[in-house]
Asks: 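What follows is a structure written as structure tokens; I'll ask about it next.
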Protein chains: 2
Amino acid sequence: MRLTTKGRYAVTAMLDLAFHSQIKPVTLTDIAARQTISLSYLEQLFARLRRAGMVKGVRGPGGGYKLCRKTSEINIADIIAAVNEPIDSTKCGGEANCQKDQACLTHDLWMGLSEQIKDYLKSISLADLLEKNQVQEVAIRQHHDAQHTIEIHHHQD
Amino acid sequence: MRLTTKGRYAVTAMLDLAFHSQIKPVTLTDIAARQTISLSYLEQLFARLRRAGMVKGVRGPGGGYKLCRKTSEINIADIIAAVNEPIDSTKCGGEANCQKDQACLTHDLWMGLSEQIKDYLKSISLADLLEKNQVQEVAIRQHHDAQHTIEIHHHQD
DNA sequence: TACTTAACCTAGCAAAATAGTCAACTATTA
DNA sequence: TAATAGTTGACTATTTTGCTAGGTTAAGTA
């Protein structure tokens, strides 16, 4: 499980898609504009996401992308794994005999960590994130309202 | 918290160092040979580890590197952070106003995940890994012994 | 049928990160 | 003083990243 900006882009885009595709498909052009990611880069990412069976493309006018599964059934680890080239991350290719003693043990350990992080990210779904966003948006709106109230107060003073 | 091969190299090298530097300092040449990492790349990594106060270089014959702290006081997150350039990983630089609505929330979420992974890796020390390795070595030795026994048996049959 | 829209595909490119090389230099110790 | 080994900097090659430009194909719409 590699954690880079590429994966973050993918998660961002999927979150945007989940948020806006409840009624009709969302075009990559829209996502590109909202998230300031280049259209062609998004196309690359979504080609992988599509091949991984996470999204479905709808051609023609009114088309775009939509999710294949429910947001509660799409987790972060899968999104990141879909856009990252599957690398073996080991020199021995699981042969467990690459070095005399140390190397394979270290790589074992690393794979262990990687597994744990993957498990953690697997436990978080798009639905979880959406909910979190919803909460935050409410918080922001409330904050704005509060600000507004303060301004009015201030004005009336 | 970015997870790449660079960090893995650093952890591997530190684990090797912890394992072999109990009596005297360990040269990078030795680590390079054992872990098949290029010497000069190790030099780059250890320059950062030294600046981060995790290792100490000892010059002259019989010199090498040794750990500054006890293995139980060195955690994985610090090792990875030491070799990775500190990037802000956000477009808005914490201004929280980079986009109209979505982007900053996503980046918030990402930073949250990153924090959690960091916390997890912080909870694992070199000592923990050494212990794990020790256990594995015993397992391997036992496996070898078993093999040996089997061979003898086979021979005597 | 012609036109538009948007997915889908390919090639290539520039910048950055990764991985490694080479050479000169300095401090330490035998 | 000679050998050892860390320190530093410049330099190169490869891979990944993010993006541009140009198509083709499928599905709607006038």
Side-chain angles (χ1 to χ4, degrees), chain A residues 2-13 17 20-21 24-33 35-68 80 82-89 91, chain B residues 2-13 17 20-21 24-33 35-68 80-91:
Chain A
R2 253 168 51 256
L3 286 188
T4 60
T5 51
K6 195 174 193 174
R8 196 173 71 238
Y9 271 120
V11 173
T12 304
L17 178 58
H20 291 97
S21 71
K24 61 186 184 74
V26 176
T27 69
L28 292 190
T29 310
D30 285 355
I31 299 179
Q35 307 300 335
T36 53
I37 306 173
S38 95
L39 176 60
S40 301
Y41 196 44
L42 273 182
E43 281 177 349
Q44 283 181 39
L45 297 180
F46 272 77
R48 286 168 183 272
L49 292 170
R50 186 173 51 79
R51 265 171 262 153
M54 314 192 76
V55 298
K56 190 167 176 290
V58 181
R59 296 185 166 198
Y65 278 96
K66 53 183 190 177
L67 299 176
C68 281
I80 293 172
V83 296
N84 279 332
E85 213 61 46
I87 47 154
D88 53 351
S89 99
K91 287 169 188 163
Chain B
R2 252 168 53 256
L3 286 189
T4 60
T5 51
K6 196 175 194 172
R8 197 174 70 237
Y9 273 122
V11 173
T12 303
L17 178 57
H20 291 97
S21 71
K24 62 188 185 73
V26 176
T27 68
L28 292 190
T29 312
D30 285 355
I31 299 180
Q35 307 302 332
T36 51
I37 306 172
S38 96
L39 175 60
S40 303
Y41 197 43
L42 273 181
E43 283 174 348
Q44 283 181 38
L45 297 180
F46 272 77
R48 285 168 183 273
L49 291 170
R50 188 176 51 79
R51 264 171 264 155
M54 313 191 78
V55 297
K56 191 165 175 287
V58 181
R59 294 184 168 200
Y65 278 97
K66 54 182 189 177
L67 300 175
C68 282
I80 293 173
V83 296
N84 279 333
E85 213 62 45
I87 48 155
D88 53 351
S89 99
T90 139
K91 286 170 187 164

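Any value given below was found using the heavy atoms of this structure, including those in side chains, with hydrogens, waters and symmetry copies removed. In what follows, every chain begins at residue 1, and chains take the letters A, B, ... in the order their sequences are listed. Every value quoted in this text rests on a predicted model; they were computed, and no experiment measured them.
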Asks: Rounded off to whole Å, could you give me the CG-to-P distance for the A:Leu28 and D:dG18 pair?
Replies: 17 Å
Asks: Rounded to the nearest 0.5 Å, what separation is found between the CZ atom of A:Arg2 and the OG1 atom of B:Thr5?
Replies: 8.0 Å
Asks: Hey, can you tell me if A:Tyr41 and A:Tyr9 have their rings parallel, tilted or perpendicular (30° and 60° cut-offs)?
Replies: perpendicular
Asks: Between atom CD of B:Glu43 and atom CZ of B:Arg50, what is the distance when rounded to the nearest 0.5 Å?
Replies: 11.5 Å
Asks: Would you kindly give the CZ-to-C1' distance between A:Arg51 and C:dT10, to the nearest whole Å?
Replies: 12 Å
Asks: Report which part of the nucleic acid A:Tyr65 touches: base, sugar-phosphate, or nothing (heavy-atom distance under 4.0 Å, all strands).
Replies: sugar-phosphate
Asks: Between A:Leu42 (CG) and D:dT20 (P), how many Å, whole number?
Replies: 11 Å
Asks: For the pair made of CD in B:Glu43 and C1' in C:dA23, what is the distance, rounded to whole Å?
Replies: 11 Å
Asks: Send over the distance from B:Leu17 CG to D:dG6 P, rounded to a whole Å.
Replies: 11 Å
Asks: What are the two closest heavy atoms between B:Leu39 and B:Thr29, and how far apart are they?
Replies: CD1-N, 3.7 Å
Asks: Nearest whole Å is fine: how far is D:dT16 C1' from A:Leu3 CG?
Replies: 16 Å
Asks: Could you tell me how far apart B:Phe46 (CZ) and D:dG6 (C1') are, to the nearest whole angstrom?
Replies: 12 Å
Asks: Would you indicate, yes or no, if C:dC8 has its OP1 or OP2 atom less than 4.0 angstrom from a side-chain nitrogen or oxygen of A:Arg48?
Replies: no
Asks: Taking all non-hydrogen atoms of both residues, which atom of A:Val26 and which atom of A:Leu17 are closest, and how far apart?
Replies: CB-CD1, 3.7 Å
Asks: Between atom NZ in A:Lys24 and atom C1' in C:dA6, what is the gap in whole Å?
Replies: 12 Å
Asks: Give every pair of a protein N or O atom and an N or O atom of nucleotides 18-21 of chain C that lie under 3.5 Å apart, one pair per line with the distance.
Replies:
| from | atom 1 | to | atom 2 | distance (Å) |
| --- | --- | --- | --- | --- |
| C:dT18 | OP1 | B:Arg2 | NH2 | 3.2 |
| C:dA19 | OP1 | B:Thr5 | OG1 | 2.2 |
| C:dA19 | OP2 | B:Thr5 | OG1 | 3.1 |
| C:dA19 | OP2 | B:Lys6 | N | 3.4 |
| C:dA19 | OP2 | B:Tyr41 | OH | 2.9 |
| C:dG20 | N7 | B:Gln44 | NE2 | 3.2 |
| C:dG20 | O6 | B:Gln44 | NE2 | 2.8 |

Asks: Do A:Tyr65 and A:Leu49 pass the side-chain contact (heavy atoms from CB on, under 4.5 Å) test, and can you show the C-alpha distance, the side-chain angles, and the key distance before you say yes or no?
Replies: CA-CA 11 Å; A:Tyr65 278 96; A:Leu49 292 170; over 6 Å; no
Asks: Check A:Ala82 against A:Arg48 and note the closest heavy-atom contact, atom names and distance.
Replies: O-CB, 3.5 Å
Asks: Going by heavy atoms closer than 4.0 Å, what residues in residues 52-64 of chain A are next to DNA chain D?
Replies: A:Arg59, A:Gly60, A:Pro61
Asks: Looking only at heavy atoms, which two atoms of A:Ala32 and A:Ser38 are closest? And how far apart?
Replies: CB-C, 4.4 Å
Asks: Quick check: do B:Val83 and B:Gln44 have side-chain heavy atoms less than 4.5 Å from each other?
Replies: no
